[in-house]
Enquirer: 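A single structure is presented below for examination.
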Amino acid sequence: MWNSTKITQLLGIPYPILQGPMGAGFSTAALLAAVSNAGGLGSYGAYTLTPEEILEAGKAIKELTNKPYNINLWVNDVDKTLVNYPPEKLEKIKLLFKPYFDELGIPLPDLSADIPSKFEKQVDTLFEIKPAVFSFIFGIPSKEILNESRRLGIKTIGAATTLEEALALEEAQVDAIVASGFEAGGHRPSFLRPAQDSFTGLFTLLQQLKAKTKTPIIAAGGIIDAKGIAAAMTLGADAVQLGTAFMVTEESGATPLHKQVLLSGTANPTTVSKSLTGRMGRLLSNRISDAVPFETEVLPFPLQTKLIAPLKAAALSQGKTEMISFWSGQNTSGLKHYSADGLMKALITETGALL
């Protein structure tokens, strides 16, 4: 049976289909529960949340499902360059974006580079909730955190964009590894080399990892339908992870406009840019990403996010869609507006017919 794999056995789920853990408000308890209740693994991207907000999310999730689910955090959630960040540089970079603020008739925000990491306190809260799975990106948690996860019976999943990163995760004895291909939407979770030096496509990365590691592998990047699932499974994936396909479902927290753009059927070229948050991520091309080439210095993460947040809000309210950044994987062809449950049923049935 195609759906009986190392991952389904490890996580106690019927089908090796994982919902990508989209953070920054895109994850919802309803989306997670729909996926988990349909036999996959629902996920909640919690890296922007306070510990108190994570507790509230945990309560909402447990009201909707008793199936296994995943909470995702960022090991490295604040760039080291923010320490003693020069105020004059902050003001200089803000001025690069002033024309967009002026066009929308809003002031540049006052910003502080004093942004502490939330990761360790978030982990403490995650251990209170005890999800079946703790996934993470942008690094590897400490041995103490991984040992405590094992003690509590929480499975751990790390993300790799290169073979080198996968080997490091395997050395740390994580339970599974997400092979995050270049096609994937959202942030590039590279942690050993710069993201721009870690642009391996999914199918190549998947085969590299299967040849050199023994840890179960989850394929992610550009997969939106049963054909993509079948291709990844044929190449040796133990499971797949879909993000953009779940982004457009009714239950996701994406804005109606974001979903409309992804579902439009028009050619939506994507690009990789750090103009939105300070870290490289894949999104639909827009005026700002086109005007800010990679070599242009922007504010470190998450300070750049705080700079762009009011700009995005104003652009949304004024209908300036060409100035709004929409996360997306490279493959948007054939996206359909399913409920998450409907999407899961279609993926299960159609993949079964192919495999």
Side-chain angles (χ1 to χ4, degrees), residues 18 20-21 23 45 47 70 72-83 117-120 122-123 133-147 149 155-222 235-239 241 243 272-274 276-282 294-295 297-305 327 329-330:
L18 285 63
Y47 80 92
N70 164 44
N72 177 269
L73 297 175
W74 288 20
V75 178
N76 173 13
D77 62 343
V78 177
D79 285 350
K80 294 178 181 178
T81 52
L82 269 181
V83 178
S117 170
K118 297 192 290 286
F119 176 66
E120 291 195 0
Q122 289 172 329
V123 170
V133 179
F134 166 29
S135 73
F136 44 84
I137 64 173
F138 285 118
I140 305 174
S142 66
K143 288 182 179 180
E144 291 76 16
I145 289 174
L146 292 176
N147 286 338
S149 296
K155 303 302 182 184
T156 55
I157 300 177
T161 61
T162 64
L163 174 59
E164 182 183 17
E165 290 174 349
L167 291 171
L169 287 163
E170 185 163 79
E171 177 68 21
Q173 299 180 340
V174 301
D175 292 298
I177 298 170
V178 173
S180 182
F182 172 63
E183 305 91 339
H187 286 96
R188 297 295 299 146
S190 306
F191 62 92
L192 291 182
R193 295 178 183 272
Q196 64 269 28
D197 297 331
S198 307
F199 278 173
T200 307
L202 173 59
F203 284 175
T204 296
L205 181 62
L206 175 56
Q207 292 174 89
Q208 288 176 343
L209 269 54
K210 291 301 293 185
K212 299 293 184 182
T213 67
K214 296 179 180 179
T215 306
I217 302 298
I218 300 158
L235 287 174
D238 299 290
Q241 180 172 287
V272 285
S273 174
K274 59 184 180 182
L276 180 62
T277 68
R279 288 186 182 175
M280 180 178 286
R282 183 171 295 283
F294 181 77
E295 57 271 15
E297 184 176 8
V298 298
L299 297 173
F301 182 89
L303 192 58
Q304 181 73 12
T305 307
W327 297 115
Q330 278 189 319

Enquirer: Could you tell me whether the side chain of Lys210 and the main chain of Ala237 form a donor-acceptor pair under 3.5 Å?
Expert: no
Enquirer: Are any non-hydrogen side-chain atoms of Val78 and Pro300 less than 4.5 angstrom apart?
Expert: no
Enquirer: Gln241 side chain to Ile218 main-chain N or O, any donor-acceptor pair under 3.5 Å?
Expert: no
Enquirer: On a heavy-atom basis, which atom in Ala179 and which in Leu202 lie closest, and how many Å separate them?
Expert: O-CD1, 3.4 Å
Enquirer: Can you find a pair of side-chain heavy atoms, one from Asn70 and one from Leu18, that are under 4.5 Å apart?
Expert: no
Enquirer: Taking Gly181's backbone N and O only, do any of them form a donor-acceptor pair with Arg188's side chain (distance below 3.5 Å, no angle check)?
Expert: yes
Enquirer: Should Phe191 and Leu169 be marked as a side-chain contact (heavy atoms from CB on, under 4.5 Å) after you check the CA-CA gap, both sets of side-chain angles, and the distance that decides it?
Expert: CA-CA 11 Å; Phe191 62 92; Leu169 287 163; 4.3 Å; yes
Enquirer: Could you pull out the closest heavy-atom pair between Thr161 and Ser190, with the gap in Å?
Expert: OG1-OG, 2.9 Å
Enquirer: Looking at NE2 of His187 and NZ of Lys274, how far apart are the two atoms once the value is rounded to the nearest 0.5 Å?
Expert: 12.5 Å
Enquirer: Determine whether a donor-acceptor pair (N or O, by modelled atom type, separation under 3.5 Å) exists between the side chain of Glu170 and the backbone of Lys214.
Expert: yes
Enquirer: Between the main-chain N or O of Gly329 and the side-chain N or O of Glu183, is there a donor-acceptor pair closer than 3.5 Å?
Expert: no
Enquirer: Minimum heavy-atom separation for Ser135 and Pro21, please, with both atom names.
Expert: OG-CG, 4.3 Å
Enquirer: Quickly, which of Thr213, Thr162, Leu163 forms a side chain to side chain contact (heavy atoms under 4.5 Å, CB included) with Gln208? Name it, please.
Expert: Leu163
Enquirer: Distance check, rounded to the nearest 0.5 Å: Arg279 atom CZ versus Phe138 atom CZ?
Expert: 4.5 Å
Enquirer: Would you check if the side chain of Gln304 reaches a backbone N or O of Leu299 as a donor-acceptor pair within less than 3.5 Å?
Expert: yes
Enquirer: Drop me the distance from Thr156's OG1 to Phe134's CZ, to the nearest 0.5 angstrom.
Expert: 8.0 Å
Enquirer: For the CD atom of Gln173 and the CG atom of Asn147, what is their distance to the nearest 0.5 Å?
Expert: 8.5 Å
Enquirer: Which donor-acceptor pairs under 3.5 Å do side chains of residues 193-201 form with protein atoms, sequence neighbours excluded?
Expert:
| from | atom 1 | to | atom 2 | distance (Å) |
| --- | --- | --- | --- | --- |
| Arg193 | NE | Glu164 | OE1 | 3.0 |
| Ser198 | OG | Pro194 | O | 3.1 |

Enquirer: Checking Asp79 side chain against Phe301 main chain: does a donor-acceptor pair fall under 3.5 Å?
Expert: yes
Enquirer: Quick one: CD1 on Ile145 to CZ on Phe136, what's the gap to the nearest 0.5 Å?
Expert: 9.5 Å
Enquirer: Please check this pair: side chain of Gln122 against backbone of Tyr47, looking for a donor-acceptor N/O pair closer than 3.5 Å.
Expert: yes
Enquirer: Nearest 0.5 Å please: distance from the CD atom of Glu171 over to the OG1 atom of Thr215.
Expert: 10.5 Å
Enquirer: Taking Asp77 for its side chain and Lys118 for its backbone only, find out whether a donor-acceptor pair lies under 3.5 Å.
Expert: yes
Enquirer: Provide the closest heavy-atom pair for Ala160 versus Ile177 in the form atom of the first, atom of the second, distance.
Expert: CB-CG2, 3.9 Å
Enquirer: Give a yes or no answer on whether the side chain of Asp175 reaches the backbone of Ile157 with a donor-acceptor pair at less than 3.5 Å.
Expert: no
Enquirer: Indicate the atoms forming the closest heavy-atom contact of Ala166 with Leu209, along with that distance.
Expert: CB-CG, 3.6 Å
Enquirer: How far apart are the closest heavy atoms of Arg282 and Trp327, and which atoms are they?
Expert: O-CE3, 3.1 Å
Enquirer: Any chance you could lay out the side-chain contact (heavy atoms from CB on, under 4.5 Å) test for Val272 and Phe182, step after step, and finish with the verdict?
Expert: CA-CA 10 Å; Val272 285; Phe182 172 63; 4.2 Å; yes
